[in-house]
Chemist: 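Can you keep this structure in mind? I'll have questions shortly.
So you know, we letter chains A, B, ... as the sequences are listed, proteins then strands, and number each from 1.
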Amino acid sequence: MSYDHQEIEGRWQEQWEAEGLYRAIVDWDKPKHYALTMLPYPSGDLHMGHWYAMTPSDARARYMRMKGFNVLFPMGFDAFGLPAENAAVQRGIHPAKWTYDNIERMRSQLRSMGAMFDWEREAVSCDPDYYKWTEWFFSKMFEHGIAYRSEAVVNWSPTLQTVLANEQVIDGRDERTGQPVIQKMMEQWFFKITDYVDELLEFEGIDWPEAIRSMQTNWIGRSEGAEVDFATQAGASIRVFTTRPDTLWGATFMVLAPEHELVDALTTDPQRDAVEAYRAQAASKTELERLEDDKEKTGIFTGGYATNPVNGEQIPVWIADYVLSSYGTGAIMAVPAHDERDFAFARRYDLDIVPVIHPEGGDRLVAAQMDDAYVGPGVMVDSGSIAGVPTTDAKGRANPSVAAAIDHLAEIGAGSESVNYRIRDWLISRQRYWGSPIPMIHRADGGVEPVQDGDLPVVLPRDVEFDGRSPLVDDEQFLAITDSDGKPARRETDTMDTFMCSSWYWFRYLSPQLDTAPFDPEEAAYWLPVDTYTGGAEHAVMHLLYARFFVKSMRDMGVFSETEKIMADHGKPIGRAFDEPFMMLRNQGQILGEERRGDNLVVEGQRDGNRVIATRVTVTDGEPSDAIVAGELMRRTENILGIATDAGVVTVEVPEGTPVEIPGVPGANDVNQLKHHLDVQRMSKSRGNVVNPDELVAEYGADTVRTHLMFAFEWQKGGPWDSRGIVGSHRFIEDVWKLGTTDYEPEKVDPAADVTLRRQVHQTIQKVGDDLEEFKWNTAIAALMTLRNQLGDARRAGRVSETVWNEGIETLLLLLAPAAPHITDELWRRRGRNESVHLQSWPAVDPEAAKDDTVTMVVQVNGKVRDRVEVSADISADDAEAVAKGLDRIQGYLTDGEIRKVIVREPNLVNLVVG
RNA sequence: GCCCGGGUGGUGUAACUGGUAGGCACGGGAGUCUUAAACACUCCUUCCCGCAAGGGAGUGUGGGUUCGAAUCCCACCCCGGGCACCA
């Protein structure tokens, strides 16, 4: 009987569905487990990454179910977003049609995984039934002052024709397309995520990876310091935020962001033209251009002066674009002696430098002799009342000099302690069509008001034309509305960031059909919170941060009050259920395209230690001989290339300005284009490195693909796909088939063989269970492969009894069921069981059976292994020592000295120290 | 520059709390089967010396702690990720 994976997998997927095997129903008598995996965007095709993310999560959910939990494992689609609009523009397909067609296709691909998704709970964020509640949340947040409209400098993407949140902009480029964004003053909708910063910095009671926590902490960017006011002749004073109020005595000038509101008032007439010119020039630059000019700081003197509050000095006020209007107060006090940026600026414009820190154990600093700002510890000098106070590397009040300065500022009334954050409020409006409408009305009198709850959802008009801009802006039918006073008004035309849709989707899964509330409190009381959440780490400061914010604001708006009552009725503790969305978070890595030989790079240059400094880099098909390095580009980090040559991977540094030649791409290129070019080239030349799961499933079956993805990678790390390796996992699945389908008859039963096999079986139960708890699939599968080998050996030897053989086979099926659900259910029922393997309990370890009765004891002499011997597992320390000393091989090592010390770690090791 | 996470055979990975480095696979080699090839099966496969018995080296590099270090400490190099003119 050969293993026909296509027939088996198709049949079981249908049967499970017909049986409703994975329906998750509230049952207060059973412990619940809410397992969640990030929902996909319906791009059209499921790729390996989806399989890699979802099938291990499915295996975990299945394991929890076998452990006795009532498991909810839903799936849905994050279905709003720009690609649908691009399809409309490029191919004339309506975004809704494009999206729903893709969803249809992906549903069937998802089914081919054989996952235990409860499809009755599916949620699709672009359904009006769904976005009605996305809009409702917006209205609630508007009511509670969490959503607000404000004018601010925002990131505008000319490519996407919309504004973007800060989280979506990386190095001045939009994170999706890599195109530059520009800064624009616009009136937009925001969510007050900044009200929650302190709570967001805490991760109490949740089990999240350190990397995500530190990324969020980093992004929020809390810094402690003080706000200080500097009086000016213009009347208004300039407020600055500084983390180093202790260096105030060394502040010799001030710098305002070009956009700062006091610039006009401070600018003197002789300087006005120059200041205006500088402001205009700064405004025209993209963020990217500002960053590129970072070598030389530029700025201009306003002509105005401010008074240093601690010493009364008059100091000049400049403007410069290295001061950001968006951070702190948009103005700084410059302390060139102790800040690198201020130092560079002062040197360039010949401004005063006054050192106020005396370096520990060093000479007094002399301004004229400084080559760099001094940022280390020391003692405050020339600093009025805080002179003599030590200064350390500590931040905030933990630094004695900062504490002293804050106290002094409070005394003289010039400033106070203050905390600043890097994070800004979440900009959620988008000038796009395919998103959830913002349910607001602009009144004729200039005010705004929410659409009445009863009128939700504001539905996207279907009959619209696409030309790259949002069709909502001039859709008169959509726009025309009356306000609550019955007067003509206009609808808001912005839609919401799609991250808004994904900030609450796991609540919608609880009751996707409910039309009276976003979720059913009866369901919520039982299932919440989400117990395990899995997905990619790339969402660290977007989705995962927004989701935390969202739950906290829902809690504060009272959205959970009924749910809480029902929980109390059932005596279920609330814990952190409404403070945090996901109790446990685990991130999988990324599956990369298969590495393969392709286009070569030829590098000319000099060797420098273990790397090569390039003088010229050329992309070529040939392999010229005068090159120092020739081979395939494996990786690039900034200007460092890793090139695979016959002699291994060589590190090549490409200094700025090195000529980079790419055939067909004229003009000056740089390293940034290199990798992109080669990737594109490789992808299009042969799609051999784009791994298509559908093809693999057709060839090997879903069980093999699932098992292999779990086996071949360290899950949190991922890595490049290697098409050769999958045969190993396939052999494993086929061996399981053979083991499960052959009738076993012992030749001659040997009780010792029974003991051995049972020990192996029960040790495997222990090992696999431990590994699945910790998401360590690779070692769990390795242990199951070992058990496969052991069962194969036992069958060949024919010494184990039938009972023990059956226990072994059935345990293998039970332990493998989460990873390979189809073959295990098939074999399970072929063994005459009429209930699914997926309804069985996880096998229990019999500790007696699992115990080793003998172990290999290592005998070392001076820490080197010199012999090994089988001993009883419960050997005493004295016996172990005696056995070790008695070994012939060991005797030979004892002749050159006497035993000075004996270390015994029975039963594993004896170490004899001889000298 | 700062903050995380890493570096183990030809490859992917494994190794409890400091106690046998290389388990599970891929690839490679030899053999059995076959007219042959593929499949399957058996054995070998960290490197060096040796016919072998055996010996030596070995977890990025260099030091240290320890009876004993892949594991702990210090310094450095490299890789991946995040942040970055953030005052």
Side-chain angles (χ1 to χ4, degrees), chain A residues 170-171 209-219 221-223 225 240-244 247 255 290-291 293-295 297 320-324 326-335 339-342 344-345 420-423 537-538 540-541 589-590 595 609-611 634-635 637 640 642 648-649 651 708 711-714 716-729 731-732 734 738 770 776 778-789 792 796 855-865 867-868 889 900-905 908-915:
Chain A
I170 297 168
D171 291 340
E210 174 58 36
I212 299 290
R213 298 190 306 185
S214 85
M215 277 188 243
Q216 293 199 349
T217 304
N218 232 321
W219 184 257
R222 182 188 151 98
S223 34
V240 302
F241 171 73
T242 174
T243 55
R244 296 302 302 267
T247 61
V255 188
R290 279 199 187 185
L291 288 169
D293 299 342
D294 66 357
K295 302 279 176 305
K297 294 200 188 320
D321 64 6
Y322 80 91
V323 174
L324 309 174
S326 54
Y327 186 78
T329 60
I332 63 157
M333 63 177 212
V335 184
D339 181 283
E340 278 158 20
R341 296 151 303 181
D342 298 343
F345 194 80
N420 224 293
Y421 300 90
R422 205 184 73 94
I423 193 174
E538 67 272 19
V541 294
Q590 251 188 318
E595 286 178 2
N610 55 359
R611 61 170 60 189
M634 301 305 281
R635 54 177 168 266
T637 317
I640 310 291
V649 177
T651 302
H708 188 61
F711 172 65
F713 305 88
E714 198 186 327
Q716 357 264 349
K717 201 172 124 199
W721 177 261
D722 175 5
S723 57
R724 289 182 304 189
I726 194 168
V727 300
S729 301
R731 280 177 202 147
F732 168 59
E734 293 206 302
K738 283 177 207 156
D770 290 350
K776 289 166 79 176
N778 53 346
T779 50
I781 302 290
L784 288 169
M785 287 178 169
T786 306
L787 182 60
R788 171 264 316 252
N789 294 339
R796 234 164 286 126
V855 296
T856 306
M857 183 171 84
V858 168
V859 184
Q860 299 180 332
V861 176
N862 292 334
K864 281 190 191 271
V865 179
D867 206 355
R868 291 156 216 254
R889 306 245 325 252
R900 309 247 291 255
K901 193 173 176 185
V902 180
I903 291 106
V904 181
R905 288 287 175 276
N908 294 310
L909 173 135
V910 173
N911 185 12
L912 304 172
V913 184
V914 176

Chemist: Mind checking if A:T217 touches a base, just sugar-phosphate, or nothing, with heavy atoms under 4.0 Å?
Modeler: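 Here A:T217 touches no strand at all.
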
Chemist: Using atom CE of A:M333 as one end and atom C1' of B:C85 as the other, report the distance to the nearest whole Å.
Modeler: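 Taking atom C1' of B:C85 as the reference, CE of A:M333 is at 17 Å.
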
Chemist: Any base atoms under 4.0 Å from A:Q860, or only sugar-phosphate, or nothing? Heavy atoms, all strands.
Modeler: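 Touches a base.
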
Chemist: Considering just the side-chain nitrogens and oxygens of A:K717, establish if one lies under 4.0 Å of OP1 or OP2 belonging to B:G7.
Modeler: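 Answer no for this pair, as no side-chain N or O of A:K717 is under 4.0 Å from OP1 or OP2.
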
Chemist: In whole angstroms, how far is the C1' atom of B:G12 from the CE atom of A:M785?
Modeler: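 Rounded to whole Å, this separation is 12 Å.
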
Chemist: Consider the side chain of A:T242, meaning its heavy atoms from C-beta on, and name the nucleotide among B:A25, B:C67, B:A87 that approaches it most closely.
Modeler: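 Looking only at heavy atoms from C-beta outward on A:T242, the closest nucleotide is B:A87.
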
Chemist: If you look at every strand shown and take non-hydrogen atoms under 4.0 Å, does A:N420 touch a base, only sugar-phosphate, or nothing?
Modeler: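 Nothing, no heavy atom under 4.0 Å.
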
Chemist: Would you say a side-chain N or O of A:R422 is under 4.0 Å from OP1 or OP2 of B:A84?
Modeler: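 Result: yes.
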
Chemist: Answer yes or no: does a side-chain N or O of A:R724 lie under 4.0 Å from OP1 or OP2 of B:G12?
Modeler: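 For B:G12, neither OP1 nor OP2 has a side-chain N or O of A:R724 closer than 4.0 Å.
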
Chemist: Using a distance-only criterion (donor-acceptor N/O pair, under 3.5 Å, no hydrogens), is the base of B:C83 paired with the side chain of A:N218?
Modeler: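 Such a pair does not exist between side chain and base.
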
Chemist: I want to verify a distance call: between B:G54, B:A25, B:U20, whose nearest atom is closest to the A:R889 side chain?
Modeler: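 From the listed options, B:G54 comes nearest.
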
Chemist: Select one nucleotide: of B:C26, B:A15, B:C85, the one nearest the side-chain heavy atoms of A:V727.
Modeler: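 Selected nucleotide: B:C26.
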
Chemist: Taking CD1 from A:I423 and P from B:C83, how many angstroms apart are they, rounded to a whole number?
Modeler: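 Atom CD1 in A:I423 sits about 13 Å away from atom P in B:C83.
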
Chemist: Tell which nucleotide pairs with B:U17, taking only Watson-Crick or G-U wobble pairs whose two distances are both under 3.5 angstrom.
Modeler: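 Per the H-bond distance test, none.
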
Chemist: Scan A:D339 against the nucleic acid and name what it touches under 4.0 Å (heavy atoms): base, sugar-phosphate only, or nothing.
Modeler: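 Nothing, no nucleic acid heavy atom in range.
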
Chemist: At 4.0 Å (heavy atoms only), tell me whether A:R222 reaches a base, stays on the sugar-phosphate, or touches nothing.
Modeler: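 Nothing, no heavy atom under 4.0 Å.
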
Chemist: State which of B:G12, B:G81, B:C67 makes the closest approach to the side chain of A:F711.
Modeler: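 That would be B:G12.
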
Chemist: Taking any heavy-atom pair under 4.0 Å as a contact, classify A:R213: base, sugar-phosphate, or nothing.
Modeler: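 If one applies the 4.0 Å heavy-atom cut-off, A:R213 turns out to touch nothing in the nucleic acid.
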
